[in-house]
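Taking it in order: structure first as structure tokens, then the write-up.
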Amino acid sequence: MTFWQITAFLLNGFKISCLIFAVTLLAGIPLGLPIAFCSMSRFKPLRAVSKVFVWIVRGVPLMLQIFIIYYVPGLLFNHQIFAQVDKYFFLNYGIEDAGRIVAVLIAFSINYACYFSEIYRGGIESISQGQYEAGQVLGMTRRQIFFRVVLLQVIKRIVPPMSNEIITLIKDTALANCIMVSEIIFQAKKLAATKALIWPLFYTGVFYLLFVGVLTILLGRLEKKLSYFKS
Amino acid sequence: MAFLEFCGVRKSFGRTDVLKGIDLTLEKGKTLAIIGSSGSGKTTLLRCINFLETPDEGRMFLNGELLFDASQAKSLSEKQLRAKRLHFGLVFQNFNLFPQYTVRENLCLAPKLLAKEQEKDKQKRKELFAKIEQKADELLAKVGLSEKADAYPCQLSGGQQQRVAIARALAMAPDILCFDEPTSALDPELTVEVLNVLRSLADDNMTMIVVTHEMKFAAEVADQVLFMDNGVVDYYGDTKTAFGPDCPSPRLKEFVGSIQK
Ligand SMILES: Nc1ncnc2c1ncn2[C@@H]1O[C@H](COP(=O)(O)OP(=O)(O)O)[C@@H](O)[C@H]1O
Ligand SMILES: [Mg+2]
């Protein structure tokens with residue numbers, strides 16, 4: 001295999017890594033909001049349930065959560081849902097791993113939504129009461145105060161911690177190989193097993209580094225864009 | 001009948017009684033100075049006036065009409081509360097400007113949101129918005145900050161920020177404007193510029209309630225003085241008597257003396 005063939009082979013895996021990355025962000029960023037609001041709810045039972053849920057999801061390794069999502073339906077209901085999705089997509093469309101990828105996407109989205117929710121909560125709680133009260137005495141509604149006054153200040157404050165999580169996320173996608181999803185490291189392991197090539201495994205690092213480099217620049221730009229005000 | 005009237009207003013937080021039955025009246029166009037030592041309940045009183053706190057007992061009249069009755073407070077909806085709040089404005093000790101908006105936007109935000117709610121017709125709304133912006137510019141001129149209209153709050157000094165906060169409160173055209181120690185967070189040399197704005201408002205016959213530790217200012221500008229002591233009104237009357245030798249309250253005499261030293 002030439003260098004370019006190996007690059008293409010790994011790139012096929014990196015596509016899956018990027019898919020997991022993108023879907024987790026698209027699902028986790030909005031999903032974190034209701035979780036954050038539940039954790040801040042004035043209704044105690046809801047708050048308690050939400051906090052315990054977040055505690056479990058953040059406290060258990062993501063790899064274990066992937067196993068749980070993937071295997072538990074089969075153990076509980078004797079119904080291998082993800083394996084069947086796998087089979088269905090492979091037989092009908094020739095797409096591999098579809099069911100496993102779905103399981104990974106669910107586990108990642110829930111996991112990251114919980115991390116994001118804690119960042120949102122910290123951001124919202126860090127806004128001074130005075131901002132809300134200033135809005136109130138000017139006759140604004142709660143909604144208006146949240147969307148017109150508080151939200152942008154929260155966004156400004158959560159951009160740095162969110163950036164950290166987002167950079168961690170692309171590296172976490174490697175965990176998908178625990179249920180044999182063909183992300184980039186799994187592809188490299190295939191090369192090691194079938195062609196006795198070890199160096200592609202190390203070469204995968206370059207893909208991550210380039211990706212993280214671009215992300216860092218983009219997130220840095222966003223941070224700079226919001227630096228026109230202090231809060 | 002007085003413009004604003006408070007009858008027997010009480011407020012406690014848990015077991016601490018902060019306001020123990022406050023009565024006060026204020027005529028239209030007059031300035032009331034509220035003085036008293038720290039922790040005596042001045043801020044809580046202003047917050048009750050602005051519906052940021054709900055009194056446990058008491059009634060409030062504005063212009064002869066019952067505006068608030070503690071015994072019916074539970075049934076108030078957010079919408080009703082907002083409508084009542086609009087009669088009053090509040091200027092905070094630490095300004096609380098909206099940092100992401102320019103000075104002009106700080107003034108226009110709330111009036112525009114209100115106009116949007118009340119006027120559905122697009123053309124008329126546009127005219128309203130233009131009026132709001134024009135009024136904002138007039139108010140900025142009034143507080144001497146026309147050239148800062150496009151600056152962000154973080155680019156202003158404390159005194160300038162407080163003047164913007166005053167203009168922002170005025171942009172809602174409240175019937176009564178309240179100030180909670182508007183100069184306490186400022187360096188002495190910046191205090192003057194804010195007090196001058198208050199003076200000019202008093203000259204324009206704005207109805208104002210000012211919590212302050214600036215005794216000279218209170219003596220000069222206020223029509224009436226209310227001295228709060230431990231949650232009760234210890235003195236309420238005209239300014240001259242409050243600061244003069246005939247002051248009937250020994251506690252007030254002592255307080256004024258301690259501050260001037
Ligand atoms: N939200 C609150 N919860 C509990 N206690 C409060 C609260 N707000 C004020 N207090 C108490 O009420 C008292 C009066 O406070 P405040 O009205 O701020 O006085 P002042 O403005 O005259 O210094 C203080 O003892 C303060 O600790
Ligand atoms: Mg106070």
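Every chain is numbered from 1, with letters handed out A, B, ... down the list of sequences. Below, all heavy atoms of this structure are taken into account, side chains as well, without hydrogens, waters or symmetry copies.
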At a heavy-atom distance under 4.5 Å, which candidate from R47(B), K79(B), K84(B) has the highest pair count against chain A? R47(B)
Heavy atoms from other residues, nucleotides or ligands near CZ of R59(B) exceed 12 (cutoff 6.0 Å): no
Which atoms of L81(B) approach chain A - backbone, side chain, both or neither, heavy atom under 4.5 Å: neither
Between N96(B) and A134(A), which heavy-atom pair has the shortest distance, and what is it? O-CB, 3.6 Å
Spatial distance of atom CG (L52(B)) from atom OH (Y132(A)) [nearest 0.5 Å]: 14.5 Å
Just wondering, more than 12 heavy atoms not from F211(A) lying within 6.0 Å of its CZ? yes
Test side chain to side chain contact (heavy atoms under 4.5 Å, CB included) on M140(A) and L113(B) and set out the steps. CA-CA 8 Å; M140(A) 292 164 70; L113(B) 287 172; 3.7 Å; yes
Quick one: does Q100(B)'s side chain have a donor or acceptor within less than 3.5 Å of a partner on K230(A)'s backbone? no
Can you tell me if E96(A) has over 12 outside heavy atoms packed within less than 6.0 Å of its CD? no
Can you tell me if K156(A) has over 12 outside heavy atoms packed within less than 6.0 Å of its NZ? yes
Interatomic distance, Q144(A) atom CD to L114(B) atom CG [nearest 0.5 angstrom]: 8.0 Å
Against chain A, label R168(B) side chain, backbone, both or neither, depending on which of its atoms sit under 4.5 Å from a heavy atom there. both
On a heavy-atom basis, which atom in R82(B) and which in T141(A) lie closest, and how many Å separate them? NH1-CG2, 3.0 Å
Please determine whether the number of non-hydrogen atoms from other residues, nucleotides or ligands lying under 6.0 Å from atom CD of E147(B) exceeds 12. yes
Should N50(B) and Q136(A) count as side-chain neighbours, where that means a heavy-atom distance under 4.5 Å? no
Could you check whether atom NZ of K120(B) has more than 12 heavy atoms from other residues, nucleotides or ligands sitting under 6.0 Å from it? yes
In terms of heavy-atom contacts, does CG of L11(A) have more than 12 from other residues, nucleotides or ligands at under 6.0 Å? yes
Sub-3.5 Å donor-acceptor pair from the side chain of Y101(B) to the main-chain atoms of R148(A), do we have one? yes
Side chain R85(B), main chain V137(A), donor-acceptor under 3.5 Å: no
Heavy-atom proximity to chain A below 4.5 Å, by part of E117(B): side chain
Does any heavy atom of chain A fall under 4.5 Å from the side chain of L90(B), the backbone, both, or neither of them? both
Least distance between heavy atoms, F229(A) atom then C154(B) atom: CA-SG, 4.3 Å
Scanning both residues in full, the closest heavy-atom pair of L138(A) with M172(B) reads O-CE, 3.2 Å
Chain A contact via F92(B) - which portion, at a heavy-atom distance below 4.5 Å: side chain
Residue Q131(A) versus chain B: region with a heavy atom under 4.5 Å: both
